[in-house]
Amino acid sequence: MVPTLLLLSVLVFFTVRFIPGDIVMAMQAQSISEGVVDRDMIEKTLGLDVPIYVQYGRWLGIVPWKGEYNGLLQGSLGASWWRRVPVTTLIGQSWPITLEIGLLSIILSMLISLPIGVYSAIRQDKMGDYIARSFAVFCIAVPSFWVGTMVILLPSLWWGYMPSITFIPFGSDPLGNLKMFIVPAIVAGMALSGISMRMTRTMMLEVLRQDYIRTAWSKGLTEKKVIIKHALKNAFIPVITVLGIQLPELVGGTVIIETLFQLAGMGRLLINAANNRDLPLISGITFVFAGALVVINLLVDLTYGFLDPRVRFK
Amino acid sequence: MKKIVLTAAIFLLLTAMTMAAGQPDAKPAAAADDGTPVYGGTLSMYSRLNAEPASPSESSAQWIATFGMMPIQETLCQADIEKYGANGTGEYAFQISGYIPDQYITGRLLESWVIGPADMTCKVREGIYWAPTAAQKAWMPVRELTADDIVQDIARFQAAPWGTRFQGKMKGAKTTGKYTFVIEFVDKFNLEAFYYLGWEDRSLIAPPEMIKAGDDKWENQVGTGPFQFEEYVSGSHMSYVKNPNYWNSTTIKGKKYKMPFIDRLVTPIIPDQATQVAALRTAKIDFNQFVPPSYWDSLKSTKLQSATYSISTGFVSMLQSEPPFDNLAVRKAFMVGTDINGFKRLNFSEALPRHSYPIHYQHPAYIPEDKLPADIAELYNYSPEKAKQMLAAAGYPNGLTIDLYADSTPTVQDNAALLKDQWAKFGVTANIKVHDPTTHSNFTYNRNYHGAILSAQEIANPINSLVRFGSTKGYINFSGYSNAEYDAIVGKLATELDPAKQLPLMKEAQLKLLRDVAHIGYYPIVDGHFWWPWLKNYHGEVTVTDGSPHSLAGYIWIDQNLKKSMGF
């Protein structure tokens, strides 16, 4: 784990510095000042007047700056060059939003995809199956940014409706917060719904053809018991795998959803940081994202043990 | 199984109902009142905040951050909308940002000033108090604004990264009394320096206590303005509350009213254009300063009011320090080979004159196309055949290949594609090089591109635009055009106070720039701002200072009855 994180820190720190342009250029583009912005002054303020390996050492926390060690090893991701606020503070403000979108997307997409996938498998080659499969393909094929834009524009045109544009914290108004997040979560989870739906249908069809299912039918069990108690749990295991693979895409894809729906999550924070060449913020977010994905994959692996007794850890 | 499907369907229905629960109440309210201003309400105003504002500290050199400070802090001067705007004589609409004609400037924090040969003696308005919030009172007393505060802030401005703008123009300022100070110039009084110091967006005055407490924190922003800082929710909005002891007032129909009228001002941060327009349409915001022209038709069915104007121009810079554009004949060929009307159609600016650079078409110094000298006027007559001949005569009988730099925004991409197509007709192959805006700006400001580059700039202030576009060190002189004669003209212009003498200098500089084809102004950019009719005492002005409309928020009152009667 430690060597992985160290390698990650090197990759994250150095690769972002290959992005063309720097923060002084970004400031210059925005400052519209007479003459050139005093580059030396800005570089000194931001600690860019030293070699890059020294900058890395400071970021890691093994080289002091202004008399103190304040890097990754001390639990600090540095300060945003653009906003002069600790990176951890900015991430702390943004990650709950991305987490909420992500969790709601997963929950809603599972609530949509599982019943439809199961129904589609049970009613194979019937009209319901065709409609469900077409819907799944639609969810996968249509880009979420297009759907998101239509969801913003069309209700505003037809019904004069739009979700809140100012953030409502969950603590102050839970219902208002959910109202704000539910539509973007559905849009964000569309592709995942489609994929899960198709995977559920495929696995259900396979499981339903198993001998133990035929035995269950022959014992006279109801359809509900056969499907839910015997078939679904086994069919769900590969769906979990797909979920684990799709989660990074879901989290990464929240950038567009956050921008469209006025949600200041990690994705939007990353885009702004990239546009402004705010390298500590880019490095910090990337590092946190990578770490989060490691944890997510671990959780996915642990879920297998819950679903399948054969893989439970001893 | 059916139960599961039914449950899912009910859930989706509930979701849709929850979504729909935000619809406005359709019941009509009481009729609108008789126009007497009413105090109270929240104004939501969108302008330019499509990304997180940077640190508000002067040392961060961020212009867009000033939009967040404008409701709280004030400038030394402003536009005199009381006397010359809609509530006064009505002779000037104040619909241009970045420029206030000299005769329409009045003092804001300054009561008066006297211009000397190389200085400016200023008198601070008495009875203006700093307005700290309850939390800020821990380090900021409620005290009167003094000359010393302003002098310290000018020094801070000069020491900031963008203080380079004063180099060679202004020495500094010094206090001469509790309410008086003197600004000293290097050589003579300088109009450009006066603009930067007097009402430009960054000339907001802040107290020394705030600098000491940390001017890079939004919650520390203190000023003398109509509002006090309330909160900044990252990615969502900034909000302000009324300053109950604000010093200024406005006159409506002959009666004086204390400002501001509204209790609260919210400036949302909305990165996406479609979301900005949807928010305006659904009255989530009351005012949107930059609605793209492509949305204007769709807003016609609403009861929104609007004002369209043009303060910027798109231009092609051609690097003149190397071939082929070091050759004037080549530059002229490119100008003749560019169909400006095509760009006007593409960018919704057909109603505007095609000759839109370097001076704004509404300024007295502007020379209309039909009044231009023949040798300049003929450059505007699009003819790919003639351009081909001109290029051949300039030494390129087989055409040439150049790089054309464009940033990644959709409008610029469309323009680049059209330019490529037009130039191909007279034998020029343009390789479009696309970069993100930050990298693109590096090429423009540092002039380290090769070939031609696309940009857009405000041209409302003729002195600034003539100096910036054409003087050797002009910072938007992306072509690297350098002409000693031109530098002398604009050098004289920057220190000429007599409007009657300024006009001929502006015309002379304009003609020189056009004749030398320093750049190709290829289309006037049209902007439009929209607002709901319940915003009263607002007549379509863009700003009373430089670029931010937030300086107008103190003048606006909200007709709540009208708003309710319209279903919002």
Side-chain angles (χ1 to χ4, degrees), chain A residues 20-21 25-38 41-42 45 82-85 90 93-94 97 111-112 115-116 118-119 122 149 152-153 156-157 159-167 178-179 182-183 186 223-224 227 258-265 268-269 272 275-277, chain B residues 1 3-5 7-8 11-12 15 18-24 51-52 54-55 57 59-64 161-165 167 192 196 216 233-237 266 268-272 274-275 277-279 281-282 284-285 298 435-439 441-442 445-446 468 473 475 567:
Chain A
M25 286 177 209
M27 286 179 172
Q28 194 166 35
Q30 260 227 25
S31 74
I32 319 178
S33 66
E34 170 68 16
V36 178
V37 172
D38 193 337
M41 188 196 295
I42 295 175
T45 307
W82 195 255
R83 292 166 62 179
R84 309 290 173 92
V85 170
L90 294 172
Q93 289 168 355
S94 308
I97 294 170
L111 282 173
I112 294 168
I116 297 177
V118 168
Y119 178 79
I122 294 167
T149 307
I152 290 284
L153 273 179
S156 75
L157 276 168
W159 308 309
Y161 168 79
M162 186 184 174
S164 172
I165 57 166
T166 49
F167 183 66
L178 282 174
K179 271 165 67 173
I182 226 162
V183 173
I186 291 173
E223 186 181 44
K224 183 181 168 183
I227 300 297
E258 287 169 7
T259 301
L260 282 170
F261 289 94
Q262 283 292 96
L263 299 168
R268 199 166 132 192
L269 189 65
N272 285 334
N275 285 336
N276 296 328
R277 305 297 191 270
Chain B
M1 187 43 50
K3 281 185 187 171
I4 293 171
V5 173
T7 307
F11 176 80
L12 286 170
T15 306
T18 308
M19 226 178 81
Q23 285 193 39
E52 294 301 315
S55 156
S57 168
S59 66
S60 75
Q62 290 317 299
W63 167 65
I64 201 73
W162 52 43
T164 50
R165 58 182 49 195
Q167 285 171 6
E192 252 201 296
Y196 291 135
D216 56 349
V233 177
S234 179
S236 175
H237 64 277
V266 177
I269 301 165
I270 312 177
D272 183 66
T275 311
V277 175
R281 192 194 304 281
T282 55
K284 289 282 195 294
I285 55 177
S298 68
H435 300 93
D436 67 282
T438 299
T439 309
S441 74
N442 170 48
Y445 289 108
N446 294 320
R468 292 175 188 178
K473 291 183 181 172
Y475 86 90

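Atom set for the values below is all heavy atoms of this structure, side chains included, hydrogens, waters and symmetry mates excluded. Lettering follows sequence order; numbering is per chain, from 1. Predicted, not measured: the structure shown is a model, and the values here were computed from it.
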Measure the [atom1]-[atom2] distance between [X] and [Y] for me, rounded to the nearest 0.5 Å.
{"X": "B:I269", "Y": "A:N272", "atom1": "CD1", "atom2": "CG", "result": "9.0 Å"}
{"X": "A:I165", "Y": "B:T275", "atom1": "CD1", "atom2": "OG1", "result": "9.5 Å"}
{"X": "A:F261", "Y": "B:D272", "atom1": "CZ", "atom2": "CG", "result": "9.5 Å"}

Which residues share a side chain to side chain donor-acceptor pair (under 3.5 Å) with B:H435, sequence neighbours left out: none

Region of A:T149 in contact with chain B, defined by heavy-atom distances below 4.5 Å: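 The side chain, not the backbone.
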
Residue part contacting chain B, namely of A:L263, when any heavy atom lies under 4.5 Å: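 Neither; nothing under 4.5 Å.
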
Heavy-atom pair with the smallest gap, counting every atom of A:A264 and B:G235: CB-CA, 3.3 Å

B:V233 side chain reached by A:T166 side chain, heavy atoms, under 4.5 Å: no

Side chain to side chain, B:P271 and A:R268, heavy atoms closer than 4.5 Å: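 In short, these two side chains touch, coming nearer than 4.5 Å.
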
Side-chain donor or acceptor of B:K284 paired with backbone N/O of A:M162 under 3.5 Å: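 Here the side-chain-to-backbone pair exists.
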
Short side-chain to backbone donor-acceptor contact, B:S236 and A:F167, under 3.5 Å: yes

Ion pair B:D436/A:R277, N-O distance below 4.0 Å: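 Looking at A:R277 together with B:D436, the answer is yes, because their closest N to O distance falls below 4.0 Å.
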
Region of B:V266 in contact with chain A, defined by heavy-atom distances below 4.5 Å: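 Side chain only.
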
Residue B:N442 versus chain A: region with a heavy atom under 4.5 Å: both

Residues B:T438, A:N276; criterion side chain to side chain contact (heavy atoms under 4.5 Å, CB included); working and verdict: CA-CA 7 Å; B:T438 299; A:N276 296 328; 5.7 Å; no

B:D216: partners by salt bridge (charged side-chain N to carboxylate O under 4.0 Å, His left out), with sequence neighbours left out: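 So B:D216 forms no salt bridge (charged side-chain N to carboxylate O under 4.0 Å, His left out) with any residue.
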
Among the listed options A:L260, A:L153, A:N275, the residue most often paired with chain B at heavy-atom distances under 4.5 Å: A:L260

